[in-house]
Amino acid sequence: DAKTTQPNSMESNEEEPVHLPCNHSTISGTDYIHWYRQLPSQGPEYVIHGLTSNVNNRMASLAIAEDRKSSTLILHRATLRDAAVYYCILRDVIGSARQLTFGSGTQLTVLP
Amino acid sequence: GAGVSQTPSNKVTEKGKYVELRCDPISGHTALYWYRQSLGQGPEFLIYFQGTGAADDSGLPNDRFFAVRPEGSVSTLKIQRTERGDSAVYLCASSFERGRSIADTQYFGPGTRLTVL
């Protein structure tokens with residue numbers, strides 16, 4: 001499976017935008033890019049996903065590089081409740097594996 | 001509506017004992033997953049059910065681990081002869097799988113924290 005690389009930790013100030021990077025240089029043409037986050041003492045929750053085009057939803061935006069070897073999750077105005085571990089995950093649309101393969105993620109700290 | 005629930009929230013047991021962890025998925029979700037999360041790491045896949053059958057159990061670490069989903073809803077993860085290394089948070093997730101759509105979101109429960117003394 002193609003792997004992802006994320007920084008171990010990042011800090012942001014409250015109400016400022018946050019850009020969380022993810023590198024996936026070995027991504028295949030059939031890999032979707034998914035983001036999940038895990039708040040303290042909770043299970044992971046879905047944030048957003050995309051294939052080639054940039055995506056927006058109520059939680060965040062996903063910017064995908066033209067060569068698809070990297071992507072960035074954008075939180076437009078970070079709040080204290082956004083403090084979590086953010087996971088960038090590749091899912092192969094034609095592969096048989098249905099599970100999510102988590103890395104270590106990025107621990108986001110939001111400063112008041 | 002109700003999300004994925006897991007019981008118990010915490011379980012402390014002694015080495016060598018048998019434990020059962022329960023997962024109640026979101027009603028109507030056909031797929032159910034078990035993951036295990038050690039401190040400071042991301043969740044690791046254990047087993048995946050589609051309906052009543054285990055479609056993929058490649059993540060189970062050894063034959064002490066077993067899971068069932070007899071009626072295609074509630075699932076139980078069973079661990080025999082527990083070892084200290086089994087201590088972790090056990091997470092359950094469910095999804096409503098629409099054919100081969102890779103976009104199917106997995107909804108996670110809060111997990112069961114298992115401590116083996």
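In this text the structure is predicted, and so the values were computed from the model without any measurement.
- Note that CD of B:Gln106 and NE2 of A:His34 are 9.5 Å apart. Values are rounded to the nearest 0.5 Å.
- Residue-level contacts of residues 107-117 of chain B with chain A, in order of numbering, are B:Phe108, B:Gly109, B:Pro110; threshold 4.5 Å between heavy atoms.
- No single ILVMFWY cluster, assembled from side-chain heavy atoms under 4.5 Å apart, contains both B:Leu21 and B:Val4.
- In this structure, the portions of A:Leu100 lying under 4.5 Å from any heavy atom of chain B include both its backbone and its side chain.
- Contact annotation for residues 32-46 of chain B against chain A (heavy-atom separation below 4.5 Å, listed by residue number): B:Tyr33, B:Tyr35, B:Gln37, B:Gln41, B:Gly42, B:Pro43, B:Phe45.
- Under the 4.5 Å side-chain heavy-atom criterion for Ile, Leu, Val, Met, Phe, Trp and Tyr, A:Val85 and A:Leu111 are members of distinct hydrophobic clusters.
- A continuous path of hydrophobic side-chain contacts links A:Met59 to A:Val110 [ILVMFWY only; heavy atoms under 4.5 Å].
- Inspection of non-hydrogen atoms places B:Asp56, B:Leu91 of residues 55-94 of chain B under 4.5 Å from chain A.
- A:Met10 and A:Tyr86 fall within a single hydrophobic cluster, where Ile, Leu, Val, Met, Phe, Trp and Tyr side chains are chained together by heavy-atom contacts under 4.5 Å.
- Under a cut-off of 6.0 angstrom, the local environment of CG in A:Asn8 is sparse, with at most 12 non-hydrogen atoms contributed by other residues, nucleotides or ligands.
- Note: A:Gln99 leads A:Gln38, A:Gln99, A:Glu45 in heavy-atom pairs under 4.5 Å with chain B.
- By the side-chain contact (heavy atoms from CB on, under 4.5 Å) test, A:Ser70 is found to be paired with A:Asn23, A:Ala65, residues two or more places apart in sequence or in another chain being considered.
- A:Leu108 and A:Ile74 sit in two unconnected hydrophobic clusters of ILVMFWY residues. Membership requires side-chain heavy atoms under 4.5 Å apart, directly or through other members.
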